[in-house]
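Notes follow the structure.
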Amino acid sequence: MADDAFMRLALAQARQAGAEGEVPVGAVVVRHGQVIATGHNAPIGRHDPTAHAEMVALRAAAQALGNYRLDDCELFVTLEPCAMCSGAMLHARLKRVVFGAPDPKTGAAGSVVDLFAQPQLNHQTRIQGGLLADECGALLSDFFRQRRDQARRQSQPVRDDALRTPEARFAGLPGYPWEPHYLSDLPSLDGLRLHYLDEGPRDAALTWLCLHGNPAWSYLYRKMIPVFLRGGGRVVAPDLVGFGKSDKPKKDSAHSFGWHRQVLLELVERLDLRRVVLVVQDWGGLLGLTLPMAAPERYRGLLVMNTTLATGEAPLPPGFLAWREMCAQHPEFDVARLFARGNLQMSAAECAAYNAPFPDRGHRAALRAFPPMVPESPGDDGAAVSRQARDFWARDWQGQTFMAVGAQDPVLGPAVMDGLRQTLRGCPEPLVLAQAGHFVQEHGEAVAEAAVRVFK
């Protein structure tokens with residue numbers, strides 16, 4: 001095997017350390033071209049200040065050979081070794097040490113001191129640095145950035161008129177491994193904390209902006225996000241205020257169409273999203289379909305699933321009126337049961353994940369507020385901007401459009417989607433999912449795969 005192959009094995013060990021909450025450093029020991037020992041950072045888990053990746057690997061190698069001398073061995077490590085580890089390497093009489101990223105704070109192979117360049121020592125170990133340095137360094141940078149973000153989150157107070165769902169409610173959710181990101185300094189948020197996912201390269205050819213509806217949150221896109229990422233895209237999936245990991249105003253009256261739209265507009269500007277494919281369903285469409293006309297140069301495509309534009313000029317669909325009535329009569333309805341009833345393929349744990357943001361009545365103001373917020377008359381909040389959006393999509397839209405329809409949706413099903421399709425300039429025949437209901441994203445892998453092919 002070549003040196004870079006051994007370093008990639010060390011990187012795998014580093015990732016394991018990161019998954020265990022340790023600083024992500026990994027090491028492997030090689031003898032005659034064969035890996036004989038591996039190690040990753042474990043000082044926290046082992047309560048041992050000497051349990052650096054190199055020390056763990058050296059101990060394992062000595063045990064494997066039955067000898068503390070490792071004269072004919074080489075060690076590959078993702079970070080420049082410290083003085084302790086360098087001393088152990090010299091005592092072990094390693095033939096060669098290869099490291100990835102330099103360590104400007106504690107590196108003892110040239111960055112701070114160079115213990116390997118002391119002619120007085122009775123053994124000289126060859127040292128080589130910089131192998132896969134960018135990849136090794138990026139792993140460390142991401143780890144410490146996440147730690148800083150976590151510290152900021154923990155130090156950020158909750159407004160007196162809002163609630164924040166405990167983090168423990170989101171632990172171990174199936175199919176949702178992504179790191180959280182937060183903003184609270186958008187002007188419209190006024191200190192409320194907005195959560196969003198942001199995965200993939202920032203300079204990706206496409207950015208998929210995924211907007212959920214009520215009573216869902218960004219968990220809804222867990223089956224589509226991996227497909228978009230495999231296609232080389234960036235994915236941004238916010239939780240609307242009142243949902244998911246975002247803060248939850250206590251009062252129903254805190255929510256309005258115009259305010260939620262303004263939050264999304266400011267989020268797009270703050271993240272400077274470009275080459276956007278807008279991905280919408282339910283309220284994600286009611287709000288999201290009004291965004292591109294404000295900055296059409298940012299948008300390249302539209303992936304639209306069961307949703308509508310509520311202009312106040314036409315009666316709301318009967319299915320929606322029935323849903324609104326149910327919400328009014330049963331404001332504490334079980335969100336998990338709602339998903340289970342319409343998505344028989346979902347596991348009990350997946351359904352329960354939709355309840356995670358809402359531990360009690362106080363956290364459910366958005367769930368109560370959103371059904372009556374849908375514009376019903378021409379003068380309602382959101383109706384005028386929805387009419388402007390309708391005209392934009394019919395006359396001015398220059399991007400590609402792809403529509404997917406859950407055929408079993410009793411609220412915003414095929415008839416509603418056919419009406420919307422007539423207003424979307426250049427919208428081709430939709431992809432109809434015969435078994436899907438309102439929450440099309442629960443069948444989203446096939447939809448995402450088709451969309452990646454469309455938006456090349």
Exercise: do R96 and Q128 side chains pair donor with acceptor under 3.5 Å: yes

So is K248 actually on top of F243's ring, under 6.0 Å and inside 45° of the axis? no

Does atom CZ of R69 have more than 12 heavy-atom neighbours, drawn from other residues, nucleotides or ligands, at distances under 6.0 Å? yes

Report the residues that fulfil salt bridge (charged side-chain N to carboxylate O under 4.0 Å, His left out) with D185, sequence neighbours left out, ordered by chain and then residue number. R270

Test: R364 cationic atom under 6.0 Å from F333 six-membered ring centre, within 45° of axis: yes

Measure the shortest side-chain to side-chain distance between L65 and C73 over non-hydrogen atoms and say whether it is less than 4.5 angstrom. yes

Identified side chain to side chain contact (heavy atoms under 4.5 Å, CB included) counterpart of H40 within the set H52, R15, Q13: Q13

Applied to residues 435-456, the ring pair (Phe, Tyr, Trp, His ring centres under 6.0 Å) test, sequence neighbours excluded, yields W208-F455, F339-F439

State whether a side-chain donor-acceptor pair under 3.5 Å links D282 with T307. no

Is NZ or CZ of R193 both nearer than 6.0 Å to the six-membered ring centre of Y182 and within 45° of the ring axis? yes

Among residues at least two apart in sequence or on other chains, which ones pass side chain to side chain donor-acceptor pair (under 3.5 Å) with T106? D103

Aromatic ring pairing W397/W393, orientation class (parallel under 30°, perpendicular over 60°, tilted between): tilted

Checking H195 against H181: is there a side-chain donor and acceptor pair closer than 3.5 Å? no

I'd like to check Q435 versus Q408 (side-chain heavy atoms, cut-off strictly below 4.5 Å). Are they in contact? no

With side chains defined as the heavy atoms from C-beta onward, is the minimum distance between T207 and R275 less than 4.5 Å? no

Tell me, do C210 and M224 make a side-chain contact under 4.5 Å, heavy atoms counted? no

Return yes if a side-chain donor-acceptor contact under 3.5 Å exists between S111 and E80, otherwise no. yes

Between P187 and E266, is any pair of side-chain heavy atoms under 4.5 Å apart? yes

